[in-house]
Amino acid sequence: MFLLFRRPRSKLTSEVQLHLCGSIFTLDKEVLAIKSEKIAKLLEKSPHEDLSLQLRDIPADQETMELVGRFCHGFEINLSTENVVRVACVAQYLGMTESHCPNNLINTALLFFKHHILPSWNNSIKALKSAENVLQQAVQLRLVDYCVESIISKVLDDPRLLGEPIKNSISDDDSDENEVNAYRPNARRKLFDINWKSEDLSTLSLRLYVPIIQAIVQHKVPQEYVVANLCQYAKTWIFSDEKVGDDTPNCKRNSQREMVEALVDLLPDQGGIVPCKFLFEMLRFAVALDANAECKNGLEIRIGKQLDQASVNDLLIPSQGYAKDEKYDTECVRRILKNFYCNYTGPDPCGLNSVAELIDEFLAEISADIDLKTSTFIALADMSVAASTGTQRSSDGLYRAIDIYLDKHRHLTESERDDLCRVLDCNKLSDEACEHAARNERLPVRVVVQVLFISQLKLREAIPKEVQGAESRLAKAEEEEGERKSEEEVRAEIEKMGSKVLELERECHVMRREMQRGSVRRQKMSMWKEMKRKLGCMTSMHDCNCHVKKKKVHPR
């Protein structure tokens, strides 16, 4: 098809055979020479020579050569994001330039690349992925540089393209938060945001990914966005395998080891930006893959700067190799603890107390390991005690770990048990822990006696305090009772005075009413007398009944 087909070599035509991806492609040399400066020079130099040996390093595959053949025969070709880089590299290899032939393939491919690839975030990443097999030629054409510059410019405009910053928080439960998925950036995809990405840098190979991230860091992109993308890359290429075992192929182990070492080099040194859980997960793989010492030391130092943000499950790093007797890598934990104490500068002891409690929980988890040495347990316990020196932190957590260790290691002698318990400060045990320890047959006799003595001292100190407290409460109650009585007396006096005032007010009201009545009566009497005087009914001051008729007296 289009003079590009698989057939035996013909004697009537000048053809060239190419071995591509296990198949033989036959092309017309004369047609190629019209567009290809390289073919034209080879034919001019040796017209009858077999050119297949001269073209054995052509950077092409079957699909790309079919497109080149169509173009040479004058047919329209469909360039896309996935094939334009490979087509441009083959065109460059064959010398299909404008100086040899106008409107040639290299110019057509570069124009498509400029207008359809570089303006788009998605197309730039897809074009980079398609350049994996022709990377050297793509670098020479500067196609890789153009894509990287386009990606960096878009990241500077919108750092969210790298991923949402990850919250560095600790989960108390042991569910999905402790899984690798906890590192996944919270990508809030917006349905109508045309600038939101659908492609991620984490899909690129390591040899393309590393220089892009290095360039992004040099352009001062906020580190939290870079960390989000690094975590996503690790999740895609490293954490996708739950466990690295002895049956893992060497090629895969080497590839993952290279990725771990490269990502650790890209991590920022500033503490608190990279999630502590992610650092521990990287350390597990670094230990399992036998990464170089610089990589593991770098992770341990970073973890030591923020160990107070870790959980006990983070510290449970499995031991590697047949020479390791213990189940967990306690030496690694001890190095991390030393890094924490050396770098801790905060005046607040809360961080030290958090790490001390973390060690106690870690000891309680590993105490059931029958291979755990007593010296290792004591060394870690000493670190816990040293971290809480001068504080009122309880020793209950350390006592719980010692009790589990003694229960799982019943072969210990009395002297060994006594050495183990020397790290325990019985004065900081709670009442419940003291009660449990007093009946604990696994503890040495010395410790039991010490616990009983401390319990007796606490009881002796508690009784006077309780009595004193009772007396103070009684005195306070009496004082309150006296105050209550005095308040009642004052209230009674006030009520009595109030009743007297009301009584006086009633008397005043009655007197006022009586006075008003007397005034009216006197006024009425005065009016009546004046009327009788005018009518002539009043003869003397003693005649008071003028209306009574006098009786007639008849003479006898």
Side-chain angles (χ1 to χ4, degrees), residues 1-118 123 126-144 146-147:
M1 187 170 65
F2 311 114
L3 296 185
L4 176 60
F5 45 83
R6 302 160 194 162
R7 65 180 182 181
R9 187 174 182 181
S10 173
K11 297 181 180 180
L12 301 178
T13 59
S14 59
E15 297 174 345
V16 59
Q17 289 183 336
L18 300 177
H19 296 266
L20 301 174
C21 303
S23 301
I24 299 177
F25 281 82
T26 304
L27 298 170
D28 191 297
K29 291 187 291 185
E30 299 296 337
V31 174
L32 278 176
I34 297 174
K35 298 290 186 179
S36 171
E37 183 179 3
K38 185 181 183 71
I39 299 295
K41 288 182 178 180
L42 290 175
L43 290 178
E44 182 179 355
K45 182 179 180 180
S46 303
H48 302 292
E49 185 179 354
D50 185 6
L51 300 182
S52 60
L53 296 177
Q54 303 291 336
L55 302 176
R56 62 181 180 274
D57 58 344
I58 185 171
D61 54 12
Q62 301 176 18
E63 179 186 356
T64 305
M65 287 308 301
E66 287 180 1
L67 292 174
V68 173
R70 288 176 61 91
F71 182 83
C72 291
H73 286 84
F75 292 97
E76 182 180 357
I77 61 173
N78 294 324
L79 293 176
S80 66
T81 305
E82 289 76 11
N83 63 31
V84 64
V85 174
R86 297 196 301 270
V87 169
C89 291
V90 173
Q92 176 69 13
Y93 175 85
L94 294 175
M96 304 174 73
T97 60
E98 296 296 307
S99 60
H100 180 69
C101 178
N103 299 323
N104 215 339
L105 183 57
I106 183 64
N107 188 56
T108 303
L110 292 181
L111 286 175
F112 182 89
F113 185 85
K114 178 180 178 181
H115 292 99
H116 294 85
I117 303 300
L118 297 183
N123 292 343
K126 290 179 181 179
L128 278 177
K129 286 193 293 185
S130 68
E132 291 288 345
N133 297 328
V134 290
L135 188 58
Q136 182 178 357
Q137 292 76 15
V139 171
Q140 292 176 356
L141 276 174
R142 296 205 61 201
L143 300 181
V144 173
Y146 292 143
C147 285

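Note: hydrogens, waters and symmetry copies are ignored here, and every other heavy atom, side chains too, is used.
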Which atom of L118 lies closest to which atom of C147, heavy atoms considered: CD2-N, 4.0 Å

Neighbour count >12 (heavy atoms, 6.0 Å) for atom CD, E98: yes

Minimum-distance pair of heavy atoms, taken over all atoms of L111 and H115: O-ND1, 2.9 Å

Whether H100 side chain and K38 backbone form a donor-acceptor pair below 3.5 Å: no

Heavy-atom side-chain proximity of N104 to F71 below 4.5 angstrom: yes

Donor-acceptor under 3.5 Å (N83 side chain, T64 main chain): no

Heavy-atom side-chain contact between H116 and L79 under 4.5 Å: no

Q136 side chain reached by Q140 side chain, heavy atoms, under 4.5 Å: yes

Note, Q92 side chain near P59 side chain (heavy atom, < 4.5 Å): no

Closest contact, heavy atoms only, K35 versus C101: NZ-SG, 3.6 Å

Spacing of I58 atom CD1 and Q137 atom CD [to the nearest 0.5 Å]: 10.0 Å

Nearest atoms (heavy-atom pairs only) where V84 meets F112: CG2-CD2, 3.7 Å

Beyond-backbone contact of L67 with R86, side-chain heavy atoms, under 4.5 angstrom: no

Charged N-O contact under 4.0 Å between E37 and K41: yes

A109 to A88 - nearest heavy-atom pair and separation: CB-CB, 3.9 Å

CA sep, side-chain torsions, deciding dist, call: V85, L128, side chain to side chain contact (heavy atoms under 4.5 Å, CB included): CA-CA 8 Å; V85 174; L128 278 177; over 6 Å; no

Residue pair N133 / D61, side-chain heavy-atom distance below 4.5 Å: no

Distance, nearest 0.5 Å, that separates SG of C72 from CD1 of I39: 9.0 Å

Any T108 side-chain heavy atom under 4.5 Å of N103 side chain: no

Main-chain N/O of L94 paired to S36 side chain as donor or acceptor, under 3.5 Å: yes

From I106 atom CD1 to Y93 atom OH, the distance as rounded to the nearest 0.5 Å: 14.5 Å

